[in-house]
Visitor: 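The structure under discussion is supplied below as structure tokens; questions concerning it will follow.
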Amino acid sequence: MFHRLSIRVLACVLLACVAFQGWTAERGYFGFSPRVATSGFFLDPTVERISIAEVVPGSPAQRAGLRAGDEVLEVEGKAVAGMKARRVRELASRGVGESLHLVLRRDGERLEPTMTAVARP
């Protein structure tokens with residue numbers, strides 16, 4: 001009986017460690033600031049439009065070709081207009097080393113940059 005109990009306890013500890021590791025993974029950095037126009041309830045508003053407000057020199061965003069003024073149309077294949085802000089944040093959140101795929105519009109042209117998150121400088 002003691003042996004079965006210890007195996008169960010060990011299994012629970014291992015599952016907790018795996019889950020905790022996922023929660024504590026270092027959040028990635030892309031080096032751009034969005035400007036978000038929203039409507040609706042302020043705790044989780046609906047996105048009307050997202051544009052790039054600023055791009056940090058030398059960042060993954062700059063290397064991917066993002067520029068201030070670019071309009072973000074899609075994040076990970078999902079259209080952002082009409083989406084809840086919390087959902088957009090979830091889609092765009094990446095850990096260090098993970099990629100983010102965007103679809104942008106610049107001067108009527110469609111661009112599809114991909115960038116890889118780095119550790120925050």
Side-chain angles (χ1 to χ4, degrees):
M1 178 155 159
F2 177 73
H3 179 68
R4 280 189 233 167
L5 181 60
S6 7
I7 290 174
R8 287 183 185 158
V9 168
L10 180 60
C12 288
V13 168
L14 288 174
L15 285 174
C17 287
V18 169
F20 183 73
Q21 182 180 5
W23 294 334
T24 61
E26 184 177 1
R27 189 170 179 194
Y29 170 78
F30 294 106
F32 71 92
S33 300
R35 180 177 296 121
V36 183
T38 62
S39 63
F41 186 61
F42 72 95
L43 288 177
D44 193 16
T46 300
V47 172
E48 293 178 356
R49 185 174 190 266
I50 300 176
S51 61
I52 304 298
E54 179 184 5
V55 177
V56 176
S59 67
Q62 184 192 36
R63 289 191 297 274
L66 274 70
R67 292 187 199 159
D70 290 348
E71 182 179 0
V72 179
L73 302 176
E74 297 178 12
V75 175
E76 293 300 322
K78 308 285 185 198
V80 297
M83 190 180 292
K84 292 294 190 177
R86 187 173 296 163
R87 179 69 179 133
V88 174
R89 195 171 330 133
E90 289 169 358
L91 286 171
S93 182
R94 294 287 182 269
V96 172
E98 295 180 329
S99 295
L100 176 65
H101 309 281
L102 301 176
V103 174
L104 307 174
R105 180 172 34 220
R106 179 188 306 148
D107 300 326
E109 184 180 340
R110 182 181 167 105
L111 307 168
E112 298 188 26
T114 297
M115 55 194 132
T116 302
V118 297
R120 187 168 290 280

Visitor: Salt-bridged, Arg94 to Glu76, with N to O below 4.0 Å?
Guide: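 Counted as a salt bridge, because a side-chain N and a carboxylate O are separated by less than 4.0 Å.
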Visitor: Search all heavy atoms of Leu91 against all heavy atoms of Leu100 and return the closest pair with its distance.
Guide: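 In this case the closest contact between Leu91 and Leu100 is O-CD1, 4.0 Å.
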Visitor: Is there a path from Leu111 to Val80 through hydrophobic residues (I, L, V, M, F, W, Y) whose side chains come within less than 4.5 Å of each other?
Guide: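 Shared cluster, yes.
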Visitor: Which atom names give the shortest non-hydrogen contact between Ile52 and Leu66, and what distance separates them?
Guide: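 So the two residues come closest at CD1-CD2, 3.8 Å.
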Visitor: Mind listing the closest non-hydrogen atom pair of Thr116 and Phe30 along with its distance?
Guide: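 Taking Thr116 first and Phe30 second, the nearest heavy atoms are C-CE2, 3.8 Å.
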Visitor: One pair to check against side-chain contact (heavy atoms from CB on, under 4.5 Å): Ser93 and Glu90. What are the steps and the verdict?
Guide: CA-CA 5 Å; Ser93 182; Glu90 289 169 358; 5.9 Å; no
Visitor: So how far is it from Asp44 CG to Arg87 CZ, rounded to the nearest 0.5 Å?
Guide: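 Those atoms lie 11.5 Å apart.
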Visitor: So, for Met115 and Ala61, which heavy atoms are closest and what is the spacing to 0.1 Å?
Guide: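 Minimum heavy-atom separation between Met115 and Ala61: SD-CA, 3.7 Å.
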Visitor: Please report the C-alpha distance between Val75 and Met83 in whole Å, then the side-chain angles of each, then the deciding distance to 0.1 Å, and finally whether the side-chain contact (heavy atoms from CB on, under 4.5 Å) criterion is met.
Guide: CA-CA 11 Å; Val75 175; Met83 190 180 292; over 6 Å; no
Visitor: Hey, what do you get for CG (Leu102) to OG1 (Thr114), rounding to the nearest 0.5 Å?
Guide: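 If we round to the nearest 0.5 Å, Leu102:CG and Thr114:OG1 are 7.5 Å apart.
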Visitor: If you compare all heavy atoms of Ala117 against all heavy atoms of Gly95, which two are closest, and at what distance to 0.1 Å?
Guide: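 Where Ala117 meets Gly95 most closely, the heavy atoms are CB-O, 3.4 Å.
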Visitor: Are Phe32 and Ser59 side-chain neighbours, meaning at least one heavy-atom pair lies under 4.5 Å?
Guide: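 No. Closest side-chain heavy atoms not under 4.5 Å.
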Visitor: So which atom in Ala64 and which in Pro113 form the shortest heavy-atom distance, rounded to 0.1 Å?
Guide: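 It is O-CB, 3.6 Å.
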Visitor: Measure the OG1-NZ distance between Thr38 and Lys84 for me, rounded to the nearest 0.5 Å.
Guide: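 Those atoms lie 10.0 Å apart.
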Visitor: What side-chain donor-acceptor pairs closer than 3.5 Å can you find for residues 67-74, not counting sequence neighbours?
Guide:
from	atom 1	to	atom 2	distance (Å)
Asp70	OD1	Arg106	NE	2.7
Asp70	OD2	Arg67	N	2.9
Asp70	OD2	Arg106	NH2	2.8
Glu71	OE1	Arg105	NE	3.4
Glu71	OE1	Arg105	NH2	3.1

